[in-house]
Amino acid sequence: MGRHGEVLARHPVWRWPSRIGRGYEMDVILDDPFVASGHLEIHEAPNGRLSVADLQSVNGMVLLPSREKRASAEIGPEDVVRVGHTQLRIRPRSFQVAAERPVRQARSGRRAVLFLALITALVATFAWSAFVTTSHRDEGVVVAISVLLMLAAAAVWVAIWSLVSRTVGGRANFAAHGVVACAGVLALEFWNTGAQYLAFGFDASWLETLALAGAAAIFAVMVYRHLRLASRATRFAHAAVAAGVSTIAFGGAVVLTNLTEATNLGIQSHSESLKAPSFVMVSGITPTAFVDGADSLKQKVDAMATE
Amino acid sequence: MSIVTAVMKLLRGLCYLGLAAFGAAAAAQEAEISSQTHALFEQIRGGVAQIRVLLGASDTHAATGTGFVVGDDGLIVTNYHVIADKALEPDVYQLEFVLPGGLRGPLQIVAIDVLNDLAVVKGDVGSAHVLGFRGQPLAKGDRGFSLGYPLSQGLTVVEGIYNGRSEELYYERIHFTGAINSGMSGGPAVDAMGRVFGVNVATHRRGQLVSFLVPSRFAAELLASSSAQPGPPSGDFRSTVAAQLRAHDLALRKVLKGPLPTQQLGPLVVPARMGTFMQCAAGTERERGRAYDVNSYYCHTLSSLYVDPKLQTGMVSFRHRILRSLSLDPVRFAHVQEQQFRAPISSDFTSRKHHTAYACRDRIVALEGGRAKVAQCLRRYKLFEGLYDMVLKVATLDDSALALHSELEMDGVSFEHAMELSRRFLEAIRWNR
């Protein structure tokens, strides 16, 4: 078996006891320099189970996940034994394998269609966000370049996850990673834009802070889905890693922004969003009420000056 | 340096032109003036010193200027901006005077007047010539002579014309048509009898020979008050500077009291020039192919005060920009506005030594006849208690094809003044529909 539990080869054994090792006289031959020429012997135990015994090899035998060397052990069909650098699972002939999986041609076709649809939606979204930044007739090329750059970034992201999948899990899962990435980026884009418009329209800057938390959550879900496709670890492990990655990415960005603002005297940290008038949902406060609220600014800069 | 060189080249050119135009007829009169100038120069040169600001105990000049002896006890009048480094950081800088005879020695600051850019310093000048002040102002067109050490070129006398009080500046200055150059700051401008009527202070960067003098009565007043109130014994004038800046703010606040003058700008009524001490300019930005245009209007008070090389303050300015969409849809026009609203604060003077970072806030505010997004940023001065810089930005939100972006900027003001003018500025903006 491979390091991640995937089966690399199966060797049938016709009699008990059977011997496993590097020597030519063995029943199962392992080409592993860390295995003795005669390393293990397998017996049928009286209760129908199997037992393995170490034939006094130098490196011994370990029953995973423990790291302790054992002289002998009774094993079930799911136990994994390690000798040298090789992992073995030994099952009796009577072991029932899982039922045959039907070939799902239709489903993988659906995934490709979904992937294409999502890419189209992504291109349209990127093109729109680039288009709204233009105000000069010569700026069409800006739209094209920014769409291409965004697509290139998305492609690199999917490629990295496919590579990880291929290395860890044996399958690239390119289309599936593509679906996750496109859906994730689209969700992020819509969430952020929506939050910006809401924060602007309702004059509530706290919504922008909330939006950041939401974006971190979407990103975590996206990483979680990629991890599920890439490796066979438990859901809990994947969720923990995804949450960690997202926290580091967004927390780091927040810390970095705050540091830049505190050290750069030119940058201001007021909400910079200004949308079309039809999105304004509040009637606005009076000039006097606005000016009265400036005490918080005074407290902030007074504290900065005495630091 | 290049600007100064260019100005000097230009001046030289003008001198040559002048010489060619005169001719032999004026030769006799010229000789008379020349001998007068010579006699005057000989008489008073012994009382005009070069002032040097030295970094620590070294002999390296951080800055140079001019000063003139005004009392038997070694008192010298110069510009505040010449000795500003020493006044704010007495442990880092030293002051020194050098008289034409070669006599030199250390100086101590006795009194400063930041608003009129004057300082009184004291040193052991021996029996240097003492200059006296002229009591009466000159008449427009009278000749005067300005003395100083331009660009460390040795003591120089420059002839010029007295042109009365400058009409624009917030603080009283004499408009003097003469070639005052850097290094002459703090030098005396004297009449034909050698009596001081002004102190060299500045030249107009964009003008030719347009120079400014501080009227001598302010120097006389500072001298009188300095004998009554000695400066801080530590030589650290920070709190004095702070008090004078606060006094400036208070005076400006009084001047700006009363209803704000307004003017029509597109469909809006906006604050306009607040007095003769304010200079305004208008312009328009159009570009082929660009789907919006901008008309702008900018005013600022001519009350800028020099505090040190990293800080000029005391100004109030505002800017209105009318952005008009020519063919942009509301979403793209909003984006253009967002970019304009986001543009960094325009202050030229930002220094970690003097300023905290800006703290900002923003809300949607109901103005008369419409709504606007208003952002306000504030920062505090670190060395001068109770003084702030404030920026107020307004972007109107009631037309998807036209918007007013206004900005009010106040430098070196009290928090109360900043808030009061902010409120009045916001209240003055209204739609005229």
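The sequence lines fix the lettering, A, B, ..., with proteins before strands; numbering per chain opens at 1. Note that the structure is predicted; figures quoted are calculated from it, not measured.
Contact count versus chain B (heavy atoms, under 4.5 Å) is highest, among S283(A), S135(A), A305(A), for S135(A). Interface remark: of the candidates P287(A), S278(A), A289(A), S296(A), P287(A) forms the most heavy-atom pairs closer than 4.5 Å to chain B. With chain A as the partner, the residue from M419(B), R290(B), R363(B) showing the most heavy-atom pairs under 4.5 Å is R363(B). Chain A forms the most heavy-atom pairs under 4.5 Å with one residue out of D398(B), V374(B), V331(B), L426(B), and that residue is V374(B). Options G284(A), A276(A), A204(A) differ in how many heavy-atom pairs under 4.5 Å they form with chain B, and the most are formed by G284(A).
Of the two parts of T134(A), the backbone and the side chain both hold a non-hydrogen atom closer than 4.5 Å to a non-hydrogen atom of chain B. For chain A, the nearby parts of L378(B) are the backbone and the side chain; heavy atoms of each come within less than 4.5 Å. The part of Y388(B) that comes within reach of chain A is its side chain, from C-beta onward, which places non-hydrogen atoms under 4.5 angstrom from that chain. Within the 4.5 angstrom heavy-atom criterion, atoms from both the backbone and the side chain of T288(A) approach chain B. Contacts of V365(B) with chain A are made by both backbone and side-chain atoms, with heavy-atom separations under 4.5 Å. Only the backbone of D399(B) comes within less than 4.5 Å of a heavy atom in chain A; its side chain stays farther off. For Y197(A), the part lying near chain B is the side chain, with the backbone staying farther off; criterion is any non-hydrogen pair under 4.5 Å. Contact annotation for D292(A): neither backbone nor side-chain heavy atoms come within less than 4.5 Å of a heavy atom of chain B. For a residue to count as touching a neighbouring chain, one of its non-hydrogen atoms must lie under 4.5 Å from one of that chain's; by this rule R288(B) touches chain A with backbone and side chain alike. With a 4.5 angstrom heavy-atom cutoff, L383(B) does not touch chain A via any of its atoms. At a 4.5 Å heavy-atom cutoff, the contact between T286(A) and chain B is made by backbone atoms alone. Residue D203(A) touches chain B through both its backbone and its side chain, counting heavy-atom pairs closer than 4.5 Å. In this structure, chain A has no heavy atom under 4.5 Å from any part of F333(B). Using a 4.5 Å cut-off between heavy atoms, L326(B) makes no contact with chain A at all. For R423(B), the parts lying near chain A are the backbone and the side chain together; criterion is any non-hydrogen pair under 4.5 Å.
For the atom pair I429(B) CD1 and H320(B) NE2, the distance stands at 6.5 Å (nearest 0.5 Å). Note that CZ of R273(B) is 14.5 Å distant from CG of L260(B), once rounded to the nearest 0.5 Å.
Under 4.0 Å is where a charged nitrogen must lie from a carboxylate oxygen, and between R321(B) and E285(B) at least one such pair does. The pair R332(B)-E139(A) does not count as a salt bridge, with every side-chain nitrogen at least 4.0 angstrom from each carboxylate oxygen.
The minimum heavy-atom distance between A127(A) and V143(A), with the atom names listed, is O-CG1, 3.8 Å.
For K275(A) and F200(A), the positive end is not near the middle of the six-membered ring at less than 6.0 Å and at most 45° from its axis. Stacking of R361(B) on the aromatic ring of F290(A) is recorded, both the 6.0 Å distance cut-off and the 45° axial limit being met.
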Could you walk me through whether D329(B) and F131(A) pass side-chain contact (heavy atoms from CB on, under 4.5 Å), step by step?
-> CA-CA 11 Å; D329(B) 51 85; F131(A) 171 71; 4.2 Å; yes

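Using bins of under 30°, 30° to 60° and over 60° for the plane-to-plane angle, the ring pair Y224(A)/H238(A) lands in the perpendicular bin. Between H354(B) and F384(B), the ring planes lie parallel to each other; the angle is under 30°, not in the 30° to 60° tilted range.
Under the side-chain contact (heavy atoms from CB on, under 4.5 Å) rule, H417(B) has a single partner from L250(B), D249(B), L387(B), which is D249(B).
Side chains of T284(B) and R286(B): a donor on one and an acceptor on the other come within 3.5 Å.
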